Amino acid sequence: MPKHETPLLDQLESGPWPSFVSEIKRQSEARHQKQNEVEYQIPVDVCDDVLGVLEMSYNDGTCHWKHGGIVGVFGYGGGVIGRYCDQPDKFPGVAHFHTVRVNQPAGKYYTTEYLRQLCDLWDFRGSGLTNMHGSTGDIVLLGTRTEQLEEIFGVLTHEMNQDLGGSGSNLRTPACCLGESRCEFACYDTQELCYQLTMEYQDELHRPAFPYKFKFKFDGCPNGCVASIARSDMSFIGTWRDEIRIDQEAVAAYIGGELKPNAGAHADGEWGPFDIQKEVIDLCPSQCMSLEDGKLVIDNKECVRCMHCINTMPRALRIGNDRGLSILVGAKAPILDGAQMSSLLVPFIKVEPPYDEIKEVIENVWDWWMEEGKNRERLGETIKRLSFQKLLEVTGIKPMPQHVQEPRHNPYIFWKEEEVPGGWQRDIKEFRKLHQR
Ligand code: HEM
Ligand code: HEM
Ligand code: SF4
Ligand code: SF4
């Protein structure tokens, strides 16, 4: 017998998609069945009360969590999102319902052994409910009480060699695409760079020292499988700077129909036989491809590495051998002054351990933003306020045409005083000698 009636939520148990309602109900039953075996450290009926308070929100169309919540573990300034129900008498199981962010492995590869250990801990000291994963990347343990936080942190660190993720005005948990682990498009080892920079900047991640949050994300190529250009203040996107490698036999096999375009991604539609002219050559954004005597030719100096031809004929076209990444900066959601995607800062940089060149760019940007950024101002907003020019100065990067999509059209151009013969100090009397009032 469920603790609360949930007629609205019950409707979400039908239909083909996995139902979060059915899953929470199953978890609730499991807790009740095992309550003699497991000495639950938070109320056994936490899942019933989650459904109860959610049903209430479905009924009245508003949220029933109190504002904010500041909890955590000693030594760190973030990692746990505190939360308290605004109906604690009705739903005592979720009076405290804090979320613990746990730093996930790069690429989110797991062993069942690790996951079982984590589930055992969370069954015992939490709600048993999770989010796999938060949009930043963390394993999200959803719902526990304040007294449990240090206990959980103790087991994570002492028994599982596992740290918390980030929250607050700091470096958040970095994330990457799965990169070279199983993608032929990967231009660098995204997982390794993600891991190494996460380790390098642990202090910045655990103890907020920034004007606002800051995120890293690592994409192995411009396809952007971790969406770094939209969801990280500093986006690392793999690329190459030599030639696309062409296997002409495989090109012929695509033309002849033996190989499926886009690895069969459109196989369930009626798109007719593959037409290399229509589907590749004519769609190349820089129009730098052609077919000559049945052979595919690419004018690589005009190629913008958009990935389209490689995506379409993965067996015939491969990324170049001279690989690295581009660094883009400033992506953020709309609050306060509008959404931004990242802007190109470093067109190409090699990815070589110990990544000193990459760290230099990061630290130059931080040195500037940590001093000049206003309270709760994202990097993208600081750049807007103080200018991209300033960003180039502090990173020691020379302005180049690749920094802009197009040049400015307004003539409100600032000059440095030293660039202008005679400087700014002028005497009106000198002017009057030539020009009467
Ligand atoms: C109580 C819970 C949360 C609150 C109040 C919250 C609040 C915010 C705020 C204020 C922003 C910034 C918007 C801006 O700068 O324009 C943001 C962005 C974002 N948050 Fe959260 N957040 C919460 C939970 C989470 C969780 C659990 C994750 C994933 C682990 C997450 C991932 C993100 C992402 C990916 C963005 C967008 C990218 C960005 O601009 O930084 N948030 N959130
Ligand atoms: C030979 C005659 C004139 C010349 C050479 C001249 C030149 C200029 C120039 C160079 C500017 C731009 C200043 C800047 O953007 O810093 C300007 C702005 C302006 N001028 Fe003239 N102008 C002349 C006559 C006039 C007249 C007769 C009027 C009005 C009756 C006028 C009204 C304005 C206004 C309203 C602005 C805009 C001010 C602003 O945007 O802040 N000008 N003029
Ligand atoms: S971003 Fe590129 S390298 Fe990474 S998984 Fe996607 S296609 Fe592969
Ligand atoms: S990667 Fe893009 S720009 Fe370069 S040749 Fe292929 S389709 Fe054209």
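Given the structure is predicted, the values throughout are model-derived calculations rather than measurements. When a ligand or atom number is given, it counts from 1 through the structure's own listing order.
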Need the ligand 3 atom indices (1-based, order shown) with element for anything under 4.0 Å from a heavy-atom of [X].
X      : result
Gly220 : 1 (S), 3 (S), 4 (Fe)
Ala186 : 3 (S)
Phe185 : 3 (S), 7 (S)
Asn223 : 7 (S)
Gly224 : 1 (S)

Is Met307 touching ligand 4 with its side chain, its backbone, both, or neither, if touching means heavy atoms under 4.0 Å apart?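 Contact part for Met307 vs ligand 4: backbone (N, CA, C, O).
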Which of the numbered atoms in ligand 4 are below 4.0 angstrom from a heavy atom of [X]?
X      : value
Cys309 : 1 (S), 5 (S), 6 (Fe), 7 (S)
Met289 : 5 (S)
Cys288 : 5 (S), 8 (Fe)
Ser286 : 3 (S)

No-hydrogen, no-angle side-chain donor-acceptor test under 3.5 Å, [X] and [Y]:
X      : Y      : answer
Gln196 : Glu192 : yes
Glu13  : Ser22  : yes
Asp86  : His64  : yes
Asp163 : His206 : yes

Of all the atoms in Cys306, is at least one N, O or S atom closer to atom 2 (Fe) of ligand 4 than 2.8 Å? yes
Between Asp10 and Lys25 (salt bridge meaning N to carboxylate O under 4.0 Å), is one present in this structure? yes
Assess whether a salt bridge exists between Arg318 and Glu184, defined as any Lys/Arg side-chain N lying under 4.0 Å from an Asp/Glu carboxylate O. no
May I ask you to identify the nearest protein heavy atom to [atom], giving residue, atom name and distance to one decimal place in Å?
atom                    : result
atom 4 (Fe) of ligand 3 : Cys177 SG, 2.3 Å
atom 1 (S) of ligand 3  : Cys225 N, 3.4 Å
atom 8 (Fe) of ligand 3 : Cys183 SG, 2.3 Å

Only one of Ser228, Ser235, Ser326, Ser232 clears side chain to side chain donor-acceptor pair (under 3.5 Å) with Asp219; which? Ser228
is_close_aromatic(Trp369, Phe214), centroid dist under 6.0 Å: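 So the answer is yes for these two rings.
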Can you tell me which residue among Arg376, Arg378, Lys384, Lys374 is in a salt bridge (charged side-chain N to carboxylate O under 4.0 Å, His left out) with Asp337? Lys384
Start with the C-alpha distance between Asp322 and Lys350, add both sets of side-chain angles, then the distance that settles salt bridge (Lys or Arg N to Asp or Glu O under 4.0 Å), and finish with yes or no. CA-CA 9 Å; Asp322 186 5; Lys350 291 299 271 186; 2.7 Å; yes
So, Cys221 and atom 8 (Fe) of ligand 3: N/O/S under 2.8 Å, yes or no?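 Checking atom 8 (Fe) of ligand 3 against Cys221, no N, O or S atom falls under 2.8 Å.
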